[in-house]
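Please read the structure below before turning to the comments.
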Amino acid sequence: MRLEALVQESIRTALDRLGLAPPAEIPVDRPPRPELGDFTSRVAFLLAKEAGFSPQEVAQRLAQALRSSPAFREVHAVQGFLNFFLRPESLHGVLRAILAEGLAYGKSTEGQGRLLQVEFVSSNPTGPLTIGHGRQAALGDVLANLLADLGFRVVREYYLNDEGRQIELLAQSLWARYREALGDPQPLPEGGYHGDYLIPIGRELAEKFGNAYPEWNAEAKKVFRGEVVPRMLRLIEEDLEAIGVRFDVWTREGDIIRKGLVDEVLRLLREKGAVYEKDGAIWLSAKAHGLGRDPVLLRSDGTPTYLMVDIAYHLDKFRRGFDWVVDVQGADHIEEQQQVKLALRLLGLPEGFLSYCLHQFVTLKGAEGIEKMSTRAGRFLRLKDLVDEVGRDATRYFMVMRKPESHLVFDFELAKKQSLENPVYYVQYAHTRIASVFREAEARGEMPEDLLSVDLSPLTEPEELLLIRELDRFPDVVRKAAYDFAPHLLCEYLEALAGIFHPYYARVRILGQGAATPARLALLAGLKLVLFRGLSLLGVRAPEQM
RNA sequence: GCGCCCGUAGCUCAGCGGAUAGAGUGCCGGCCUGCGGAGCCGGAGGCCGCAGGUUCAAAUCCUGCCGGGCGCACCA
């Protein structure tokens, strides 16, 4: 049994014996300081009023009733708090259970195989991915990993907007580069794409087409659009591959329109009286529902806006059978999120069908002049270049080590460091170090045949007991990181584990310690397992050697 | 002006109703004859942006203000 549940059950039994009704949920936490025990409960505060005693009196009675429980060495009542000190044997049992679970440890089936879509990156094919997209790629991928461990059937999806005005501008920008390569410099269109990445493609097309397209006209538009989109997709795929992200499904904006979903959504919204016509365009009545302004759904030329198609896309997601959809998006999409959610509510989709994981932007520390990025202005650092420089592991780790809604300062120099100041190396090194100890144990013939049947009673050092207590937390960390869209909690947890292990390793010898050796190796096996699981969820390697 | 997010140690950030507010880094001072020193230990450093309120209890919840980010296009 998990330790927290063990404590809860003990409290429940004690309450029962005292004739007190248990609260709906019995709170059990980790105390702020180790001298306050392994677990603490503030249950007495919740019961004091009803019981007619002070919190401290209630706590004292409970402590008295709990002292007979075999799980605890001591139970203290302090200022109304109930503090539990576990017997080492209770902790040893936990370690044994973790080892028995193996790689399944931390997984659950509570998602019940429900179909979940995580949509992320979804960058327009107008250029390579920047480090900003990198944060989203890492976040989306890690969230997908976490939720898959909770038993959801996860689909990673990329929404590809390969039509519309931006693509046209891109095509025209490419055409200008093409003319430039032919010695006929043309100005880039207003709001066009200035990035260098179009220059070699322009040169390539100059060779391929010669002077076939001297004018920017309807035919040139068609041809250059056809040339540019697949090439941009290549660049994006290279970036995704660099950071190690694969998508299961790519959906194009054009697919949604062709399915007739735009017309259908419009019809449904009209039936609800949620749209109106003004200046020849169709608007969504968002203000009437508390939003700041009414957005356009259908332009006066009859074409749908991005928002319109996005709403239709989400209806499509629903029809495709997803039970839950998580969209990872940057802070510049806040208004749109409110509008889409409103529209889905009006369309009668279930509340909670769509969740947004919103993240703030990334700035790069230690790289002058490229802090402010813009794809259109051609001022950015390409994701692949960053990965090439600092490595996939560090890139992924750094991108998720802060909570998404916080602005992220990516410390370029720190990420590159191959020393333990770098948190990702600190964690990986713990894993490697254990692997190294195991190799040494094998060489010396000290490795037990079966770690599961090892006598764990020699595990009595404070760090040993603390480590087991921390290993016990892993499933909670996975759950919280997944449901709160907070993968940084996993980073923090892994750093805490490594932070207990490294000093322990420095102080206590593992090998050649008689009966303590197999017990310590079993502990390290449990730790290695959890480090591996945690790093894998982050998509970061857990090396045997480095 | 309106909407969302963020103001916690010099810096980068955790903590988001509970007991003396934490980590990493930086700074100061210790420790290298054994399993990887790619390390370990100790210390200094905080009106938790400001002001009210709610609560037995507020960094945490509410209100207002101040500072920063993002958005407020018939762009995507």
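First the proteins, then the strands, lettered A, B, ... as listed; each starts at 1.
- For the pair A:His488 and B:G15, the criterion of a side-chain N or O lying under 4.0 Å from OP1 or OP2 is met.
- For A:Arg42, whose side chain is taken as the heavy atoms from C-beta onward, the closest listed nucleotide among B:C13, B:G18, B:C74 is B:G18.
- Side-chain proximity of A:His502 to the nucleotides B:C40, B:C74, B:G69 is greatest for B:C40.
- Distance check on atom P: B:G52 versus B:C13 gives 30 Å, rounded to whole Å.
- Between A:Asp255 and A:Arg258 there is a salt bridge, with a side-chain nitrogen of the basic residue lying less than 4.0 Å from a carboxylate oxygen of the acidic one.
- In the set B:C74, B:C56, B:G7, the nucleotide with an atom closest to the side chain of A:Lys403 is B:G7.
- A:Asp29 contributes no side-chain N or O that forms a donor-acceptor pair with the base of B:A19 under 3.5 Å.
- Residue A:Arg30 is the one, among A:Tyr425 and A:Arg30, whose nearest nucleotide of RNA chain B lies closer to the 5' end (criterion: closest heavy atom).
- Heavy atoms of A:Asn83 sit under 4.0 angstrom from at least one base atom.
- Residue A:Glu335 is in sugar-phosphate contact alone, with no base atom involved, counting any heavy-atom pair closer than 4.0 Å across all strands shown.
- Between B:G15 and A:Tyr493, no contact under 4.0 Å exists linking OP1 or OP2 to a side-chain N or O.
- Looking only at atom types and distance, the side chain of A:Thr40 has no donor-acceptor partner in the side chain of A:Asp29 under 3.5 Å away.
- Residue contacts for A:Thr432: at a heavy-atom cut-off of 4.0 Å it reaches a base atom on one of the strands shown.
- Among the atoms of the strands shown, only primed sugar atoms or phosphate atoms (P, OP1, OP2) are found under 4.0 Å from some heavy atom of A:Pro503.
- The aromatic rings of A:Phe224 and A:Trp216 sit perpendicular, their planes meeting at an angle over 60°, well past the 30° parallel limit.
- Contact annotation for A:Thr40: base contact, defined as any heavy-atom pair under 4.0 Å involving a base atom.
- When the C1' atom of B:C75 is taken as reference, atom NE2 of A:His333 falls 11 Å away, rounded to whole Å.
- Atoms CD (A:Glu544) and P (B:C35) sit 19 Å apart, rounded to a whole Å.
- Base contact: A:Val508 has a heavy atom under 4.0 Å from a base atom.
- When the side-chain nitrogen and oxygen atoms of A:Arg293 are compared with OP1 and OP2 of B:G71, none of them lie within a distance under 4.0 Å.
- A straight line from CZ of A:Arg33 to C1' of B:G15 spans 15 Å, rounded to a whole angstrom.
- When heavy atoms are screened at a 4.0 angstrom cut-off, A:Met401 is found touching no nucleic acid atom at all.
- With hydrogens and angles left out, the side chain of A:Ser300 and the base of B:C74 share a donor-acceptor pair within 3.5 Å.
- Contact check on A:Arg439 versus A:Glu442 returns no salt bridge, with no Lys/Arg side-chain nitrogen under 4.0 Å from an Asp/Glu carboxylate oxygen.
- Between the C1' atom of B:G34 and the OH atom of A:Tyr505 lies a distance of 10 Å, rounded to the nearest Å.
- Spacing between B:A58 and B:C47 at atom C1', rounded to whole Å, works out to 15 Å.
- The aromatic ring of A:Phe81 does not stack onto the base of B:G18, failing the criterion of a centre distance under 5.5 Å from the six-membered base ring together with planes under 30° apart.
- If you check B:C74, B:A19, B:C75 against the side chain of A:Leu36, the one that comes closest is B:A19.
- One C1' atom belongs to B:C2, the other to B:U8, and the distance between them is 29 Å to the nearest Å.
- Contact annotation for A:Gln338: backbone-only contact, meaning every heavy-atom pair under 4.0 Å involves sugar-phosphate atoms and none involves a base.
- Nucleotides B:U60 and B:C48 are separated by 10 Å at their P atoms, to the nearest Å.
- No N or O donor and acceptor, one from the side chain of A:Thr305 and one from the base of B:A73, sit under 3.5 Å apart.
- Using a 4.0 Å heavy-atom criterion, one finds that A:Ser406 contacts the sugar-phosphate atoms exclusively.
- Residue-level contact check: A:Leu511 touches the bases, meaning some heavy atom is under 4.0 Å from a base atom.
- If A:Phe361 and A:Glu35 are placed on RNA chain B by their nearest nucleotide, the residue sitting closer to the 5' end is A:Glu35.
- For the C1' atom pair drawn from B:G29 and B:G67, the interatomic distance equals 38 Å after rounding to whole Å.
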